[in-house]
*Asks:* 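Before I ask anything, let me first share the structure, which is written out below as structure tokens.
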Amino acid sequence: MPIFGVRTRLATSLFGAAALSISLLSAPAIALDASPTEKEDLKTCEKNLCAMILSKEATGDDLTCAISKTWAKDKIEKGAGTKSLSWGFGDAQCKIDLTAARSNIVSSLTAPEHKLEMKSHTVKCAIEQGEDVTNINVTLAPKVTFKDGKAQKAELNITKVDAPAVIGTVIKGAAWVEKNFSLFHGEMIDEINDFVHNKCAKRYPDLASK
């Protein structure tokens, strides 16, 4: 089910949810009406996170972002196909109000070992089914383990999935999602580390030089 995997790792694991949301929410948006500020909001969140990563300053404002992303059906299907998964729905759109303590983020990069534990967040998604739109909510509190500033392990820590029966037959509850997340674990770790150690400096050289 790629809503939690291929393309929507987006809103689910938070340095993980922050770094990953930001680095993966890049596919063009189509049919479901996207917020007119969707792209700008994501870019602002990315820049704020990168500023924390590059400065490694433990004092200052925490990360707070209200971000969303809309995916076209064909983009989801393409991503699902690379994992031999199927997508029997239409376009999808997910939203999250993301918060993370600055000190927690900085400690992940500066401490010899650190487990970044996020507070509980709810990812709210809308999925097209023909003429209708189905809503699902996923509650999770991701954890990412770092060693010497690099991500080693990520856990979604999903506690609740609210979905109607038609979706529920595909998503077999939080335990099923957590188990199947292992399909994407290696990719997620690589993408977190790439974002933290490469992309931020390349995209915001002005912040890197401060």
Side-chain angles (χ1 to χ4, degrees), residues 1-27 32 34-35 37-53 60-71 92-109 114-127 134-146 151 153-164 167-168 171-182 184-185 187-189 191-192 195-196:
M1 175 86 176
I3 199 69
F4 300 108
V6 181
R7 289 290 177 184
T8 351
R9 289 198 305 279
L10 91 109
T12 52
S13 173
L14 279 6
F15 203 20
L20 224 96
S21 312
I22 288 164
S23 62
L24 297 186
L25 302 189
S26 56
L32 282 172
S35 164
T37 63
E38 183 174 271
K39 187 174 181 179
E40 180 183 343
D41 292 343
L42 187 60
K43 192 69 174 177
T44 298
C45 188
E46 176 186 84
K47 187 172 183 179
N48 290 342
L49 175 59
C50 282
M52 296 180 190
I53 290 170
D61 294 338
D62 292 334
L63 184 70
T64 303
C65 307
I67 52 178
S68 64
K69 186 61 190 180
T70 310
W71 295 264
Q93 182 181 81
C94 291
K95 301 178 181 180
I96 184 172
D97 290 330
L98 176 66
T99 61
R102 172 188 286 267
S103 59
N104 206 3
I105 292 172
V106 172
S107 292
S108 299
L109 303 176
H114 183 75
K115 179 175 279 191
L116 190 154
E117 299 188 30
M118 307 299 298
K119 71 174 188 178
S120 183
H121 285 68
T122 298
V123 182
K124 299 179 179 181
C125 296
I127 301 171
T134 297
N135 296 310
I136 66 172
N137 294 329
V138 181
T139 302
L140 67 162
K143 303 175 183 179
V144 184
T145 301
F146 287 82
K153 180 181 178 182
E155 304 168 68
L156 292 182
N157 192 25
I158 295 170
T159 57
K160 188 177 181 181
V161 177
D162 289 323
I167 302 291
I171 309 169
K172 300 175 178 64
W176 181 90
V177 176
E178 195 76 52
K179 178 181 177 181
N180 283 274
F181 173 64
S182 61
F184 315 105
H185 183 266
E187 290 179 17
M188 174 176 248
I189 294 300
E191 285 162 350
I192 292 173
F195 181 84
V196 170

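Below, each value reflects all heavy atoms present in this structure, side chains not excepted, and no hydrogens, waters or symmetry copies. Numbering of residues begins at 1 and proceeds along the displayed sequence.
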*Asks:* Taking only residues two or more places apart in sequence, or in another chain, which ones meet Asn135 in a side-chain contact (heavy atoms from CB on, under 4.5 Å)?
*Replies:*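 Testing Asn135 for side-chain contact (heavy atoms from CB on, under 4.5 Å), a comparison that skips the adjacent residues, returns Ala126, Val133.
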*Asks:* Ignoring hydrogens, what is the shortest heavy-atom contact between Ala66 and Asp97? Give both atom names and the distance.
*Replies:*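 The pair with the smallest heavy-atom distance is CB-OD1, 3.4 Å.
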*Asks:* Between Thr64 and Thr99, does a side-chain contact (heavy atoms from CB on, under 4.5 Å) hold up when you go through it step by step?
*Replies:* CA-CA 5 Å; Thr64 303; Thr99 61; 4.2 Å; yes
*Asks:* Let me see the working for Cys94 and Trp71 under side-chain contact (heavy atoms from CB on, under 4.5 Å), right down to the final yes or no.
*Replies:* CA-CA 9 Å; Cys94 291; Trp71 295 264; 4.0 Å; yes
*Asks:* Can you list everything that forms a salt bridge (charged side-chain N to carboxylate O under 4.0 Å, His left out) with Lys39? Sequence neighbours excluded, please.
*Replies:*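 Counting only residues at least two positions away or on another chain, Lys39 forms no salt bridge (charged side-chain N to carboxylate O under 4.0 Å, His left out).
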*Asks:* Hey, mind stepping through Glu46 and Lys43 against side-chain contact (heavy atoms from CB on, under 4.5 Å) and telling me if it holds?
*Replies:* CA-CA 5 Å; Glu46 176 186 84; Lys43 192 69 174 177; 3.3 Å; yes
*Asks:* If I compare all heavy atoms of Val144 with all of Ala151, which pair ends up nearest, and what's the gap?
*Replies:*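 Smallest interatomic distance, heavy atoms only, reads CG1-CB, 3.9 Å.
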*Asks:* Grab the two heavy atoms, one from Pro164 and one from Thr134, that are nearest each other, plus how far apart they are.
*Replies:*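 So the two residues come closest at CG-CG2, 3.1 Å.
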*Asks:* Identify the heavy atoms of Cys125 and Asn137 that sit nearest to each other, and give their distance.
*Replies:*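 Heavy-atom minimum between the residues: N-OD1, 4.5 Å.
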*Asks:* Could you give the distance from CD (Glu38) to CD1 (Ile67), rounded to the nearest 0.5 Å?
*Replies:*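 Interatomic distance, Glu38 CD to Ile67 CD1, rounded to 0.5 Å: 10.0 Å.
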*Asks:* Run the numbers on Asn48 and Leu63 for side-chain contact (heavy atoms from CB on, under 4.5 Å), then give the verdict.
*Replies:* CA-CA 7 Å; Asn48 290 342; Leu63 184 70; 4.0 Å; yes
*Asks:* When you compare the side chain of Thr139 with that of Ser120, does any pair of heavy atoms fall below 4.5 Å?
*Replies:*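 Heavy-atom side-chain distance check passes, below 4.5 Å.
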*Asks:* Of all the heavy-atom pairs spanning Ala100 and Ile105, show the shortest one and how long it is.
*Replies:*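 Smallest interatomic distance, heavy atoms only, reads CB-CD1, 3.9 Å.
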*Asks:* Between His114 and Val106, is there a donor-acceptor pair closer than 3.5 Å when you use the side chain of the first and the backbone of the second?
*Replies:*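 Side chain of His114 to backbone of Val106, a donor-acceptor pair under 3.5 Å: no, none is there.
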*Asks:* Roughly how far, to the nearest 0.5 Å, is CG of Asp162 from NZ of Lys124?
*Replies:*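 It comes to 10.5 Å.
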*Asks:* Locate the shortest heavy-atom distance separating Met52 from Asp61; write the atom from each residue and the value.
*Replies:*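 Reported closest heavy-atom pair: CE-O, 3.3 Å.
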